[in-house]
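In each ligand, atom 1 is the first atom listed, and ligand 1 is the first ligand listed. The figures here come from the full heavy-atom set of this structure, side chains too, leaving out hydrogens, waters and symmetry mates. Please read these numbers as outputs of a predicted model, since none were measured by experiment.
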Amino acid sequence: MPPDLAILGIETSCDETAAAVIRRHADGRGEILANVVLSQIADHAPYGGVVPEIAARAHVEHLDRIIARAMEEAGMAYADLDGIAAAAGPGLIGGLMVGLVTAKAIALATAKPLLAINHLEAHALTPRLLGPLGFPYLLLLVSGGHTQVQSVAGVGHYHRLGTTIDDALGEAFDKTAKLLGLPYPGGPEVEKRARNGDPARFDFPRPLAGRPDCHFSFSGLKTAVREAIAALPGMTDADIADICASFERAIADTMRERVGVALRRFRQMHPGLARPTLVVAGGVAANQALKFALTELCAEHDFALNVPPPALCTDNAAMIAWAGAERLALGLIDPLEAPARPRWPLDASAEPAPGAGVKA
Ligand code: KG4
Ligand code: ZN
């Protein structure tokens, strides 16, 4: 059994500058000792999306202080750590380099192992930080950059069942919000407006419904929203609410149908599992309409639904530190030459989805 491991984690792959310290107890239990996240949303909001150069500069400016705060909150000295973990990809290259180079410097200065973490693997393993969860399980990752279903067979062992062939789900929320003149990030704002709207007023498409695979597509939905707006004489608050509600209903229906295919596939792959688990991670996991649809779907298919709390679904460094601990416990450490990787699929053997653009 590996000993207790204390790990510093660093996350700078997008627009959060984050540092955390976690402990992995010898019995596999996780404990968060400090989890500090500085969101750059205010820096990017005027531009309606994340500006890579602004993000990288903000990481440089804030990361040292955020790490010092995490170490202080955890009551730790560098000598107490067993490893230094940083997100090495996928993500924005400038930000990744800031976090990874910082982790390398700390690892070199303290002679501790470096753990160069795949950000998607960190999302995938988060539920195991929070409680016991054995392999295999099914992962639905829905964020601003990714929409994927993966079968998680073990640390480092992933099999992709589906991915988006165009926009990510969070991106669809953000682009719809932009079309409606709502602020960035759009997801929470669309959800708020949808509460007062009529979900039956606009008949938006349910992309890819009925297809036997588990892929996703959201760009047509965004186009349908654009056309609906163009057909209105002007846009009142009531129109905005109705569009948001109809859009959310279309998303919920689509995800129920598409993820349903993945649940059936996963059962066929693992006929021996009595009640498999669906884990949902990424910022869009905070969406209540989606959570409701997935709760119903899992009940129908006798799956357990595991959705970490929003602060651990959105980007954070506790998940990076935990993935580092899981890998270190297996003896999987990285050399100081480990590169930052803007593209780094979890399942390197997965074929591009049919008709997919570059992001899939
Ligand atoms: O995982 P995340 O914090 O960052 C990455 O993209 O890696 O996800 C952010 C995305 C954004 O697109 C945001 O609009 C979306 O998650 N999001 C939501 C909600 N909260 C965040 N989408 C729908 N409903 C929400 N409540
Ligand atoms: Zn993420």
Side-chain angles (χ1 to χ4, degrees), residues 9-18 20 35 37-41 44-45 48-52 55 59 86-92 95-96 99 117-126 139-148 150 164 167-180 182-195 197 216 218 221-222 225 244-245 247-252 254-255 279-294 307-320 322-323 342-346 359:
I10 297 172
E11 160 60 39
T12 55
S13 68
C14 191
D15 60 343
E16 269 90 22
T17 311
N35 188 18
V37 181
L38 176 75
S39 168
Q40 304 174 2
I41 282 179
H44 301 284
V50 177
V51 183
H59 290 309
L92 300 172
L96 290 170
I117 300 300
N118 182 312
H119 175 97
L120 305 178
E121 172 158 64
H123 276 300
L125 298 175
T126 299
L139 167 74
L140 171 66
L141 180 61
V142 277
S143 69
H146 299 275
T147 303
Q148 304 185 356
Q150 299 266 355
T164 177
D167 293 346
L169 184 52
E171 198 178 358
F173 271 95
D174 294 339
K175 287 180 174 172
T176 292
K178 208 169 184 176
L179 289 169
L180 293 169
L182 303 176
Y184 175 84
E189 197 63 29
V190 168
E191 177 164 41
K192 200 164 83 193
R193 299 291 184 123
R195 271 183 222 134
F216 303 88
F218 299 107
L221 196 47
K222 169 197 66 195
V225 169
C244 289
F247 170 81
E248 248 196 358
R249 163 86 53 100
I251 293 286
T254 301
M255 294 305 286
V279 167
V280 188
V284 192
N287 185 274
Q288 293 302 315
L290 176 65
K291 213 182 281 179
F292 184 72
L294 294 175
V307 189
L312 293 168
C313 273
T314 53
D315 289 349
N316 66 86
M319 69 178 191
I320 303 295
W322 175 253
R343 284 177 55 74
W344 187 2
L346 263 186
K359 281 181 280 192

Next item on the list: Could you pull out the atom name of the N/O/S atom in D315 that is nearest the Zn ion (ligand 2)?
Entry: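 D315's closest N, O or S atom to the Zn ion (ligand 2) is named OD1.
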Note to self: Let me check your reading of the structure: within less than 2.8 Å of the Zn ion (ligand 2), is there an N/O/S atom from C14?
What the structure shows: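 No.
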Notebook entry, point to check: Does any N, O or S atom of H123, backbone or side chain, fall under 2.8 Å from the Zn ion (ligand 2)?
Noted result: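 Yes, since at least one N, O or S atom of H123 sits under 2.8 Å from the Zn ion (ligand 2).
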Checklist line | T147 (side chain) donor-acceptor with S143 (main chain) under 3.5 angstrom | finding: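 Looks like no, no N/O pair under 3.5 Å.
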Item checked: Interatomic distance, H146 atom NE2 to L140 atom CG [nearest 0.5 angstrom] ->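 H146 NE2 to L140 CG: 13.0 Å, rounded to 0.5 Å.
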Note to self: Within this structure, what is the NE2-CG distance for the pair H123 and N316, rounded to the nearest 0.5 Å?
What the structure shows: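 One gets 7.5 Å once the value is rounded to the nearest 0.5 Å.
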Check: Do E191 and ligand 1 have an N or O pair less than 3.5 Å apart?
Finding: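 Yes, at least one N or O pair falls under 3.5 Å.
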Note to self: For ligand 1, which is the ligand I care about here, please tell me if G170 has any N or O atom under 3.5 Å from one of the ligand's N or O atoms.
What the structure shows: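 For ligand 1, there is an N or O atom that lies under 3.5 Å from one belonging to G170.
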Got the closest protein heavy atom to [atom], with its distance?
atom: atom 9 (C) of ligand 1; value: G144 N, 3.9 Å
atom: atom 24 (N) of ligand 1; value: N287 ND2, 3.0 Å
atom: atom 22 (N) of ligand 1; value: G187 CA, 3.3 Å
atom: atom 1 (O) of ligand 1; value: G283 N, 2.9 Å
atom: atom 11 (C) of ligand 1; value: D174 OD2, 3.5 Å
atom: atom 4 (O) of ligand 1; value: D315 OD2, 3.5 Å
atom: atom 15 (C) of ligand 1; value: V284 CG2, 3.9 Å

Next item on the list: Could you list the atoms of ligand 1 found under 4.0 angstrom from a heavy atom of G145?
Entry: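 The list of qualifying atoms is 6 (O).
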Notebook entry, point to check: For ligand 1, which atoms sit closer than 4.0 Å to a heavy atom of G282?
Noted result: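 Selected atoms, number and element: 1 (O).
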Margin query: Would you say that F173 contacts E248 through its side chain, given a criterion of any heavy-atom pair below 4.5 Å between the two side chains?
Written below: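 Contact flag for F173/E248 side chains = yes.
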Margin query: Measuring from non-hydrogen atoms of C14 to any atom of ligand 1, is the shortest distance under 4.0 Å?
Written below: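 No; C14 lies far enough from ligand 1 that no heavy-atom distance drops under 4.0 Å.
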